[in-house]
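One structure is given below, encoded as structure tokens.
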Number of protein chains: 2
Amino acid sequence: MTNRIPVLEIFGPTIQGEGMVAGQKTIFIRTFGCDYRCSWCDSKFTWDGTQKPILMSPEDILQKVSLLSNGTCNHVTISGGNPALISSLDVLLDLLQLEGFSVGLETQGSKWQDWFLKIQDLTISPKPPSSNMKTDVKTLENIILKLKENKINYSIKVVIFNDEDFTYAKKLHWRFPSPSHKWFLQVGNDDTNSKDNLAISLLEKYEWLCNKVIADKSMLSVRPLPQLHTLLWGNKQGV
Amino acid sequence: MTNRIPVLEIFGPTIQGEGMVAGQKTIFIRTFGCDYRCSWCDSKFTWDGTQKPILMSPEDILQKVSLLSNGTCNHVTISGGNPALISSLDVLLDLLQLEGFSVGLETQGSKWQDWFLKIQDLTISPKPPSSNMKTDVKTLENIILKLKENKINYSIKVVIFNDEDFTYAKKLHWRFPSPSHKWFLQVGNDDTNSKDNLAISLLEKYEWLCNKVIADKSMLSVRPLPQLHTLLWGNKQGV
């Protein structure tokens, strides 16, 4: 029997709100479990025990994705938690791609998996100091090297909450400069419990981030972006 | 003497708010004159006589761009009006690229110029019915064919104000389908005179547009995006 995959939620079609394919219509498969515990994580339910995973076979996942899509969507995003904790997603990726889905991945770059090479758009999002996590730059470097060697369509994306995070991103950018690597900065959402509309406060932060990038001589092809889904839907889960 | 170029404004560095390189730090060169008269044009001052162009040599333009950049920017966006009315931008493009600038172009796809082949990111934005303009699909097709043959990094972007515009975009997408062509839809701003913050009303329209795309079986790799600069700065000119 194929290994089962711990899934927290499958939802969509919706719009990818972040990074290199912002605006892409997609269905999210959110896996359970994370090796990180970011202070501001907007998906703590994937690791804090408040929500339980369902163990699903690749065939069950494909069926659910096809049902949600109903012909309206040809893109799937695998996010977490950290999907890179799952050693084999090969069968799922093969099934999805056989059905015509392109697949995106979101992972922090703390672990490599060979199935990364089957991904169509891959986002590595190292976590800045405000997360209280520590980046293993050597591991990150090895991952980026393999992606590059294999001509995978990938990007680096760093969430920015404050000046210290920006400095971290600058150092990382110095090590992995654009435009050799696609680079995005993203406004952090530090109000992940609010049920309010967050647009105005997030846009103020986005303006701050844009101005930091505009003034910086090293941040040349680094693209600051807001989280589109948070502008639209705040912290609502499942959109 | 090199031909002079009718320039309406040069400003930046700022953030490209639209389309395929949304978020890219860039300096805008806005040329004077347009073959269109879109009802909702947000840059009417490029053709309605309220603002006069300056005739600038390529060298003068490069000097102004370098001064504004001051080492903080390596990207220039040529926009209008319709820059494709200008028969030769070759010298300017060569000068900019020699200085290390990548160059983006925004044009509606009503006229071809051979200098399009020197552009690094090129956006064709055919105008939907709400503009009161009529698309010459044969000309558009020839332009897109040449861009494709020459492996230019281009995209198609349609501004959407209403259902009729969406139907127009669907028909155009049927003729030039994604993902062979990068495709973006953009929320229209129908309040180009307001000095207010437009974010909330624009986000409502963006949600409407996302929902149209989400529900549509043909709009698969078509990415709806807001105008980021209008979310941040409303109708302010020069940002």
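Just the heavy atoms: all of them, side chains too, but no hydrogens, waters or symmetry mates, feed the values below. Every chain is numbered from 1, with letters handed out A, B, ... down the list of sequences.
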Original post:
Okay, side chain of A:Arg223, backbone of B:Ala22: is any donor-acceptor separation there less than 3.5 Å?
Top reply: yes

**OP:** Of all the heavy-atom pairs spanning B:Pro224 and A:Gly23, show the shortest one and how long it is.
**Re:** CD-O, 3.0 Å

**OP:** State, to 0.1 Å, how close B:Gly71 and A:Leu220 come at their nearest heavy-atom pair, and which atoms those are.
**Re:** O-CD2, 4.2 Å

Original post:
Hey, is CD on A:Gln63 packed in by over 12 heavy atoms from elsewhere, all under 6.0 Å?
Top reply: no

**OP:** Could you tell me the separation between the NE2 atom of A:His75 and the OG atom of B:Ser221, rounded to the nearest 0.5 Å?
**Re:** 7.5 Å

Original post:
Counting only heavy atoms not in A:Asn150, do more than 12 fall under 6.0 Å of its CG?
Top reply: yes

Original post:
More than 12 heavy atoms of other residues, nucleotides or ligands under 6.0 Å from NZ of B:Lys148: is that the case?
Top reply: yes

Original post:
NZ of A:Lys212: more than 12 outside heavy atoms within 6.0 angstrom?
Top reply: yes

Subject >> Heavy atoms from other residues, nucleotides or ligands near CD of A:Gln97 exceed 12 (cutoff 6.0 Å) >> reply: yes

Subject >> Which atoms of B:Trp233 approach chain A - backbone, side chain, both or neither, heavy atom under 4.5 Å >> reply: side chain

Original post:
Is the number of heavy atoms from other residues, nucleotides or ligands under 6.0 Å of A:Lys64 NZ greater than 12?
Top reply: no

Original post:
Ignoring hydrogens and geometry, is there a side-chain-to-backbone donor-acceptor pair from A:Lys25 to B:Cys210 under 3.5 Å?
Top reply: no

Original post:
Quick check: does any side chain N or O of A:Lys217 sit under 3.5 Å from a backbone N or O of B:Cys73, one acting as donor and the other as acceptor?
Top reply: no

Subject >> Atom group of A:Pro179 that falls short of 4.5 Å from chain B, counting heavy atoms >> reply: neither

**OP:** Go through B:Leu185, B:Thr14, B:Val21 and name the one with the most non-hydrogen pairs under 4.5 angstrom from chain A.
**Re:** B:Val21

**OP:** For chain B, find which of A:Glu204, A:Gln16, A:Gln24 contributes the most heavy-atom pairs closer than 4.5 angstrom.
**Re:** A:Gln24

Subject >> Nearest-0.5 Å distance, CG of residue A:Asn74 to CE of residue B:Met219 >> reply: 13.0 Å

Subject >> Partner of B:Leu203 by side chain to side chain contact (heavy atoms under 4.5 Å, CB included), out of A:Leu228, A:Leu232, A:Asn197, A:Ile200 >> reply: A:Leu232

Subject >> Minimum-distance pair of heavy atoms, taken over all atoms of B:Ile214 and A:Pro13 >> reply: CG2-O, 3.4 Å

